[in-house]
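From a predicted model like this one, the values you see are computed outputs, not experimental measurements. Proteins get letters first, then strands, A, B, ... in listed order; numbering begins at 1 in each.
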Amino acid sequence: MYKVIDFSLEETLECGQCFRFEKLEDNKYLVVANSKVIIIKQEGNELIFENIEDEKDEKVWKNYFDLDRDYKKIKDELSSTDKVLTDAINYKPGIRLLKQDVWECLISFIISQNKQIPHIKQVIKNISEAFGTNIGTYNDKVYYSFPTIEQLSKATEDQIRACKAGFRAPYIIDACAKINSGQIDIYNLESMETIKAKEELLKIKGVGNKISDCVALFSLSKHEVFPTDVWIKRVMEYFYMKEEAELKDIQKFAREQFGDYAGFAQQYLFYYARDKKIGKK
DNA sequence: GACCAGGGTAACT
DNA sequence: AGTTACCATGGT
């Protein structure tokens, strides 16, 4: 059990950064990550892990939920920049940026392109069931870990297509080939400069600016990047640019406006825009 | 049935 | 170097 502040389990899981969770009840979730299934619930400012084994495990999940970071400081600093962002922060003040595994995060966001979140979750589940490891049962349902690099590298393009990945299947094959061969060392990216890490990720087919930004933010702790998807584009044009803007101009603006915490700002704005359907018609 | 989704590639000017 | 069709699949 932990005391948590500036944290909402629901907001953190539902804000679109991760895909392997199920809502069991209000403020109670099943999460699949770190090759484990955990049941976690929040009661006020208490966070309760129902099936955690030892202290080492606790550390892993504390790290996963980014519980040691001072979010009040981040939110205060971001709130001082402008009113729009203040509104977005106050709308979902309990969001935290998860620390996700870089391999799973990369493949997940390759799958995400041009897809809605429920579909993304389904395809990742299909792939895990097809190639991952049985990691336990809950409510008579069997859960599978996200496949390792080795496991997924055994898959054929047709098998991945069968998981409903569609045209993204060859991209996943390419990622497996480049990573399993050692050509790209994704577990070394965190120690690199953001630009260098992105360069490496961009070598993979189907990985462009947005997906590499998501990996950088959600698993490499590169908190200054500003992943710009359709929703972020809309919210930025609607509130800040006041006209249609190009990707590079939006990202440049965001870095100047939000500074080194641009990635956090992005996540508050994303949830806000998507929930309120900002700029959509 | 048209349109869109946490985009990116390749084939065009 | 800048635009544009197209890529599978499911929801609205």
Side-chain angles (χ1 to χ4, degrees), chain A residues 11-21 88 91-92 95-98 100 102 104-127 129-130 155-178 184 198-220 222-223 225-239 244-251 254 262-281:
Chain A
E11 292 169 13
T12 297
L13 291 173
E14 304 273 7
C15 73
Q17 60 181 322
C18 65
F19 306 103
R20 302 210 67 197
F21 63 88
Y91 182 63
K92 299 287 180 183
I95 294 175
R96 281 180 185 244
L97 289 182
L98 296 174
Q100 301 187 57
V102 60
E104 177 171 345
C105 187
L106 170 64
I107 302 298
S108 297
F109 279 93
I110 288 175
I111 291 165
S112 80
Q113 70 183 70
N114 213 224
K115 256 187 180 315
Q116 296 181 134
I117 290 173
H119 307 157
I120 302 166
K121 292 175 75 166
Q122 187 58 51
V123 175
I124 294 171
K125 187 160 179 269
N126 293 343
I127 286 179
E129 288 175 356
T156 65
E157 185 178 322
D158 282 347
Q159 287 176 312
I160 292 174
R161 278 184 190 274
C163 296
K164 306 295 181 187
F167 63 86
R168 306 155 192 84
Y171 300 160
I172 295 174
I173 296 286
D174 188 61
C176 286
K178 291 194 169 111
I184 301 175
K198 281 188 64 174
E199 268 177 28
E200 288 298 300
L201 291 168
L202 291 171
K203 291 178 183 171
I204 298 163
K205 259 197 206 160
V207 176
N209 190 61
K210 191 268 175 181
I211 291 173
S212 60
D213 275 350
C214 284
V215 174
L217 181 60
F218 299 140
S219 66
L220 303 178
K222 307 296 188 191
H223 294 139
V225 302
F226 194 77
T228 305
D229 73 319
V230 289
W231 287 106
I232 289 295
K233 186 171 188 297
R234 286 199 278 250
V235 74
M236 293 302 287
E237 288 171 345
Y238 186 83
F239 284 121
E244 274 206 37
E246 289 187 30
L247 177 75
K248 62 173 171 46
D249 294 325
I250 292 173
Q251 296 200 316
F264 295 98
Q266 186 272 358
Q267 206 53 33
Y268 295 114
L269 289 168
F270 174 75
Y271 206 155
Y272 187 70
R274 193 169 56 112
D275 254 30
K276 294 189 172 298
K277 304 192 190 313
I278 300 291
K280 194 180 177 188
K281 237 303 104 76

* Asked: Which value, in whole Å, describes the distance between the C1' atoms of nucleotides C:dG10 and B:dG1?
  -> 14 Å

* Inter-nucleotide P distance (B:dG6, C:dG2), Å rounded -> 29 Å

* To do: Take the protein atom CG of A:L202 and the nucleotide atom C1' of B:dT9, then report the distance between them rounded to whole Å.
  => 13 Å

* To do: Specify the separation, in whole Å, of atom CZ of A:F109 and atom C1' of B:dG7.
  => 12 Å

* To do: With heavy atoms under 4.0 Å as the rule, sort A:V123 into base, sugar-phosphate or nothing.
  => nothing

* Are A:T228 and A:K210 close enough, and set up right, to give a side-chain contact (heavy atoms from CB on, under 4.5 Å), and what steps lead you there? -> CA-CA 6 Å; A:T228 305; A:K210 191 268 175 181; 5.7 Å; no

* P-based separation of C:dG11 from B:dG8 [nearest Å] -> 24 Å

* To do: Give the stems involving DNA chain C, where a stem is 3 or more consecutive Watson-Crick or G-U wobble pairs (i with j, i+1 with j-1, and so on) under 3.5 Å.
  => B:2-5 with C:9-12, B:7-13 with C:1-7

* Asked: Nearest-Å distance, CD1 (A:I250) to C1' (B:dG6)?
  -> 14 Å

* **Charged tip of A:K121 within 45° of A:F21 ring normal and under 6.0 Å** => yes

* Separation of the P atoms in B:dA2 and C:dC7, to the nearest angstrom -> 16 Å

* Contact class for A:C15 vs. all strands (heavy atom < 4.0 Å): base, sugar-phosphate, or nothing? -> base

* Rounded to the nearest Å, what distance is computed from the CD1 atom of residue A:I278 to the C1' atom of nucleotide B:dG6? -> 16 Å

* Report the C-alpha distance between A:K248 and A:N209 in whole Å, list the side-chain angles of each, state the deciding distance to 0.1 Å, and finish with yes or no for side chain to side chain donor-acceptor pair (under 3.5 Å). => CA-CA 10 Å; A:K248 62 173 171 46; A:N209 190 61; over 6 Å; no

* Give A:E246 one of three labels, base, sugar-phosphate or nothing, depending on what nucleic acid heavy atoms sit under 4.0 Å from its own. => nothing

* Asked: Below 4.0 angstrom, N of the basic side chain to O of the carboxylate: do A:K178 and A:D174 qualify?
  -> yes

* **NZ/NE/NH1/NH2 to OD/OE distance under 4.0 Å, A:K203 and A:E199** => no

* Structure fact -> Ranking B:dG6, B:dA10, B:dA5 by distance to the side chain of A:N114, first place goes to B:dA5

* For A:P118, which contact category applies under a 4.0 Å heavy-atom criterion: base, sugar-phosphate, or nothing? -> nothing

* To do: Please find the earliest and latest nucleotides of DNA chain C, in the 5' to 3' direction, that have an atom within less than 4.0 Å of any heavy atom of chain A.
  => C:dC7 to C:dG11

* **Ring center gap for A:F226 and A:F270 short of 6.0 angstrom** => no

* Between A:K233 and A:Y238, is NZ or CZ placed under 6.0 angstrom from the six-membered ring centre and within 45° of the ring axis? -> no

* To do: Using the P atom on both, measure B:dC4 against C:dC6 and round to a whole Å.
  => 16 Å

